[in-house]
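Only one structure is covered here, and it is reproduced in the block below.
Computed from heavy atoms alone, side chains included, the values below leave out hydrogens, waters and symmetry copies.
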Amino acid sequence: MPHVVTQSCCADASCVLACPVNCIHPAPGEPGFGETEMLFVDPASCVGCGACVTACPVGAIVPDSALSPGQLPFSVLNAEYYETSPHADRAPLALVPQ
């Protein structure tokens with residue numbers, strides 16, 4: 001179940017760092033970070049763990065199954081971002097030692 005960013009965000013990147021599969025972009029150091037109005041969750045690579053939900057300080061991320069009718073366009077916006085701005089590098093930002 002993918003998650004969706006549903007509003008402009010504070011862009012502090014706490015959700016980006018919390019995501020274990022690096023599916024939230026633009027991330028710090030990438031083109032557009034700090035310049036876009038919101039961040040975007042890749043629906044194709046989101047594993048639905050919810051780490052981004054708890055990390056988001058403004059409550060802007062929700063599961064796609066919990067979107068209200070007024071929030072449905074954000075699901076399309078998130079998907080369209082990855083169609084126009086693909087991110088080939090999906091390496092996690094915070095590697096977990098094994």
Side-chain angles (χ1 to χ4, degrees):
M1 166 176 49
H3 287 73
V4 179
V5 178
T6 61
Q7 66 185 32
S8 297
C9 66
C10 63
D12 77 345
S14 56
C15 63
V16 174
L17 297 175
C19 180
V21 295
N22 193 23
C23 71
I24 304 172
H25 294 277
E30 294 178 344
F33 181 77
E35 298 170 3
T36 59
E37 289 187 31
M38 60 187 270
L39 300 177
F40 303 91
V41 176
D42 182 359
S45 61
C46 177
V47 295
C49 69
C52 58
V53 175
T54 58
C56 179
V58 295
I61 304 173
V62 298
D64 65 350
S65 61
L67 292 172
S68 70
Q71 293 173 322
L72 289 175
F74 288 103
S75 182
V76 175
L77 286 173
N78 278 257
E80 285 178 346
Y81 172 80
Y82 290 93
E83 290 172 11
T84 60
S85 304
H87 289 269
D89 177 18
R90 297 274 186 226
L93 294 177
L95 296 175
V96 179
Q98 295 189 27

(message) With ring-ring contact (aromatic ring centres under 6.0 Å, His included) as the rule and sequence neighbours excluded, what pairs involving residues 49-71 come up?
(response) none
(message) Going by side-chain contact (heavy atoms from CB on, under 4.5 Å), name the residues that satisfy it together with Leu72, two or more places apart in sequence or in a different chain.
(response) Leu67
(message) So, taking the atom named CD1 in Ile61 and the one named CE in Met38, what distance separates them when rounded to the nearest 0.5 Å?
(response) 9.0 Å
(request) Hey, could you give me the NE2/SG distance between His3 and Cys19, rounded to the nearest 0.5 Å? (result) 10.0 Å
(message) Looking at Phe33, is its backbone amide N or carbonyl O close enough to the side chain of Thr36 to form a donor-acceptor pair, meaning the two atoms are under 3.5 Å apart?
(response) no
(request) Would you give the length of the straight line joining atom OG of Ser85 to atom CD of Glu80, rounded to the nearest 0.5 angstrom? (result) 11.0 Å
(request) To the nearest 0.5 Å, tell me how far Cys46 SG sits from Ile24 CD1. (result) 7.5 Å
(message) Is it the case that the side chain of Thr6 and the backbone of Ala60 share a donor-acceptor pair, with hydrogens and angles ignored and the cut-off at 3.5 Å?
(response) yes
(request) State which residue, out of Val58, Leu39, Val5, Val53, fulfils the side-chain contact (heavy atoms from CB on, under 4.5 Å) condition with Cys15. (result) Leu39
(message) Taking side chain to side chain donor-acceptor pair (under 3.5 Å) as the definition, give me every residue that meets it alongside Ser14, ordered by chain and number, with sequence neighbours left out.
(response) Asp12
(message) According to ring pair (Phe, Tyr, Trp, His ring centres under 6.0 Å), who are the partners of Tyr81, at least two apart in sequence or on a separate chain?
(response) Phe40, His87
(request) Without swapping roles, check the side chain of Asp42 against the backbone of Cys23 for a donor-acceptor pair under 3.5 Å. (result) no
